[in-house]
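I have placed the structure first, in the form of structure tokens, so that the comments after it can refer back to it.
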Amino acid sequence: MKFMTVKILAIVILIAVNNILHSQNITGRVINDSNAGISDVHILLNNEVISKTNSEGVFTLAETYRLPLEINLKHVNYYLKTVRLSESNSVFKLSLLDQSLNLEEVIISSTYQKESRVIIPTEKISVQKIEAYSPVDLVSAINETPGVYIQSGALNTNRIVIRGVGSRTLYGTNKIRAYFNGIPITNGTGDTAIDAFDPEDIENLEIVKGPKVTPYGTNLGGTLLLNSKQAVKGETYFKTNLTLGSYGLIKNNMSFATANKKLAINLNYDHLETDGFRDNNNYDRHAILLTANYKIDEKNDIGVLLNYTDYFAQIPSSISKTAFEEDPSQAAFTWNAAQGYENNQQVLAGLNYTHRFSDNFSNTTSLFYTYLDHYEPRPFNILDEYTNGYGARTLFAKDFKFLNNNGDLSFGAEIYTDEYNWKTIENRYEDNNGNGSLEGQLLSDNVENRNNLNAFATVTLPFSEKLKAQFGVNFNTTKYKFKDDFNVGVNNLNADRDFDPIIAPNLNLLYQFTPNVNAYANVSRGFNYPSIEETLTPEGVINPDLGPETGINYELGTEVFLLDRKLKFELSAYLLDIQNLLVADRIGDDQYIGRNAGQTEHKGIELSVSYTQIFENSFTLAPYLNAEITDNRFIDFVDDQTDYSGNTLTGVPDTKVNGGVHFGYKNFVLNTNFLHVGDMPLNDANTLYSDDYTVFNTKLSYRSKLSDHFSIEINTGINNFTDEHYASSVLINAIGFGNSEPRYYYPGMPRNWFSGFKIAYSI
């Protein structure tokens, strides 16, 4: 009887202990070779996603699962691994895919829609890096990249400069080519606006510096590949984030996503408004992003992309040195009086279809449409324009055997045409009793048809287990047709401009000395076409002598991993020679024409250092430093009898240094960072320079999983917490008309704060 009592008691205790054990969530951790946690590792059971690791590499499973459990660990940058999760085995190490020696992977064209496939290192900005900043601040995340500098005059006024290329573009960005989910977002004259996309919707961003990625054009500045967040198979979630901050900042992002074996859908809505810190600086944006992919069968997939953005942005414009020093919050006088602004409605729509002919041969073809309706009252006139753009892109990808290793070949073409309708109208704001802009008489009415074709091919050949080469070529033709619907008879300015075709070859070499040391080299040719406005003379006639910029890029670099890959060095040096430099001559108040002005030489050294250490108590320490030293000069530049040859290139800092430290402890994450930008010449004569500046930012986040379905994040941050007075963008070669002082400066934001609350529900 006593024995039976003890037995029954033991059984009861065992059942109780078992229930206690299984009433708690099951946790595990995934780490890399340096024992650092790996985020965004998908935990799969029977090919279904059941969890995902957080920023510290920790994942949680519901109490309904019973140990031991055989699961798969999957991450795009690591080898797939099958492990057995148990009470005594909950920490797992993944091995990084070797960039140069991973020759056996199957190449399918859909991966080319997401990344450049360049064999030498490119800069990749992860969602974790984007989330280290304010949710309105994609610019700061990009500015961490050595060799890349975004001058930001406002949320809607950004100029991307890569290795000095693009510094002479007065407004916006037009020396690079950019894609969103494989769809081009660069228009027919090369203009690119990344502010149409919400940073909270972006999963990653790849930056290719220079003309070394032939499938995506060979612009001298380089290429940006933006990819949106996507649900993976087995995920269903709803997320919302509300952020408040200085100067009336209100931002709300909501997203819904679900994915199963056949269908994946992501729907995102974003609203952003702010008063700005300057006069005439209000901003209000609404955006919707929809992506969907459907797997028809094992060989065929179809996808849809729709991005709609509607924003209203007042324009304070640039100000003079006196105004910048006395009161940077003021707007330019004429822009304030005219209450200048821009009102934009933008649409990007795409349909893509992937067919796999076999396991090693596939094709992805995309059709896309772009629309921009832009209305901008300016002190000197009112610009009313709209653009309809159409295009198609096809890419074939094929694996083949080469010297007993897998090589790959990709080839295809992209065609784009748009119709740009624009008119200018007299602005009678001075007669409007202080109520801002008022339409007067029509000044011009024009239509531009812009067509370009890119054909490309790239082959990757592994000559040995250590040496890999990549050869590429890009062929481009561009045509403009200008129609004047305003002037008639002899005053009519109708004209066509067909540029000669350009062939741009490319060579990348990568040699892997050891698993932790490699060296690489690149030689590539690139080009930039002028816009049709730049081809117009002051009389409005197309200049047949104006041609594209062309250049050759030379680059050497190395990657080194030390201390069990906890420490990473990347060092590169480049030389970019550009012929037929395109410059903008000012002919009136904010009116310019273009011309070929000579030759520039861009030289620089870029360094990136990062270190990650995870301690036994789950404390993470990850400092990093990025630096660049450049020498960008006019080699041959004579402007109206004045010889500027040998002078430093205008609008480019000779140094840029940034760095920071990531701290992590349990549910807390603290990111601190700084950006230092050296002085830069404001005019071609190099007689006036901007001041150098250093800006510090910090952000603290707390993340917690409240239940199997709910998780929250609370964050707060301070930008420019030392309250540095600086110019975040400059207007080069500014001219003062009448008795006015030249307006060189766009003031940077003073100290400002933000705080957000995120909540996510997953099924």
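The residues of the chain are indexed from 1 along the displayed sequence. Atoms considered below: every heavy atom in the structure, side chains included; atoms not considered: hydrogens, waters and symmetry mates.
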I would like to know whether Y311 and Y283 meet ring pair (Phe, Tyr, Trp, His ring centres under 6.0 Å); could you show each step before the answer?
CA-CA 7 Å; Y311 74 77; Y283 182 92; 5.6 Å; yes

State the [atom1]-[atom2] distance between [X] and [Y], to the nearest 0.5 angstrom.
X	Y	atom1	atom2	value
E628	L607	CD	CG	11.0 Å
I202	S126	CD1	OG	12.0 Å
I194	T186	CD1	OG1	11.0 Å
S228	D198	OG	CG	11.5 Å
E298	N300	CD	CG	10.0 Å
I119	K468	CD1	NZ	6.0 Å

For [X] and [Y], does a side-chain donor sit closer than 3.5 Å to a side-chain acceptor?
X	Y	value
Q346	T309	no
N253	D201	yes
T550	Q579	no
T122	S116	no
T364	N352	no
N553	N522	yes
Y269	H286	yes
E144	Y133	yes
T258	N260	no
S152	N158	yes
N406	D399	no
N344	D310	no

Verdict with supporting geometry, N363 and T354, side chain to side chain contact (heavy atoms under 4.5 Å, CB included):
CA-CA 6 Å; N363 169 261; T354 297; over 6 Å; no

Parallel, tilted or perpendicular: which fits the ring planes of [X] and [Y], with parallel below 30° and perpendicular above 60°?
X	Y	value
Y369	Y390	tilted
H355	Y353	parallel
F180	F197	parallel
Y386	Y371	tilted

Judged by atom type as modelled, is there a donor-acceptor pair below 3.5 Å linking the side chain of [X] to the main-chain atoms of [Y]?
X	Y	result
N143	I150	yes
N266	A292	no
K212	K209	yes
N474	A504	no
E414	N452	no
R159	T169	yes
K229	E200	yes
T173	I160	yes
K656	V148	yes
Q470	R117	yes

For the pair N421 and E419, evaluate side-chain hydrogen bond (donor to acceptor under 3.5 Å, both in side chains) and give the outcome as yes or no after the intermediate values.
CA-CA 6 Å; N421 298 264; E419 182 183 85; 3.3 Å; yes

Decide yes or no on side chain to side chain contact (heavy atoms under 4.5 Å, CB included) for F256 and T236, but give the supporting numbers first.
CA-CA 8 Å; F256 167 78; T236 297; 4.2 Å; yes

Kindly confirm or rule out a cation-pi arrangement of [X] over [Y], judged by NZ or CZ under 6.0 Å from the six-membered ring centre and within 45° of its axis?
X	Y	result
R497	F499	yes
K129	Y624	yes
K398	F396	no

So D418 and R450, salt bridge (Lys or Arg N to Asp or Glu O under 4.0 Å) or not? Walk me through it.
CA-CA 5 Å; D418 64 16; R450 311 177 293 205; 2.8 Å; yes

Evaluate whether atom CG of D297 has more than 12 neighbouring non-hydrogen atoms of other residues, nucleotides or ligands under 6.0 angstrom away.
yes

Tell me whether L507 at atom CG has more than 12 heavy atoms from other residues, nucleotides or ligands lying less than 6.0 Å away.
yes

Do R163 and T630 have side chains that approach each other closer than 4.5 Å (heavy atoms only, starting at C-beta)?
no

Compare all side-chain heavy atoms of S524 with those of I552 and state whether any distance is below 4.5 angstrom.
no

Shortest non-hydrogen contact from [X] toward [Y]:
X	Y	answer
G153	S729	N-CB, 3.7 Å
P199	L138	CG-CB, 3.8 Å
A457	T214	O-OG1, 3.9 Å

So, are K52 and E235 salt-bridged, with charged N and O less than 4.0 Å apart?
yes

Is any side-chain N of the basic residue among E559 and K568 closer than 4.0 Å to the acidic one's carboxylate O?
yes

Going through the distances and angles, do L348 and L305 end up as a side chain to side chain contact (heavy atoms under 4.5 Å, CB included)?
CA-CA 8 Å; L348 175 67; L305 164 68; 4.1 Å; yes

Working for side-chain hydrogen bond (donor to acceptor under 3.5 Å, both in side chains), residues N476 and T478:
CA-CA 7 Å; N476 180 278; T478 294; 3.0 Å; yes

Decide side-chain hydrogen bond (donor to acceptor under 3.5 Å, both in side chains) for N156 and D195; before the verdict, give the C-alpha distance in whole Å, the side-chain angles of both, and the deciding distance to 0.1 Å.
CA-CA 6 Å; N156 58 312; D195 51 273; over 6 Å; no

Could you walk me through whether Y529 and F527 pass the ring pair (Phe, Tyr, Trp, His ring centres under 6.0 Å) check?
CA-CA 7 Å; Y529 283 106; F527 57 88; 5.5 Å; yes

Go through the steps for Y179 and T223 under the test side-chain hydrogen bond (donor to acceptor under 3.5 Å, both in side chains), then give the verdict.
CA-CA 8 Å; Y179 291 76; T223 304; over 6 Å; no

Qualifying residue for side chain to side chain contact (heavy atoms under 4.5 Å, CB included) with Y520, from L556, L510, N508, V118:
L510

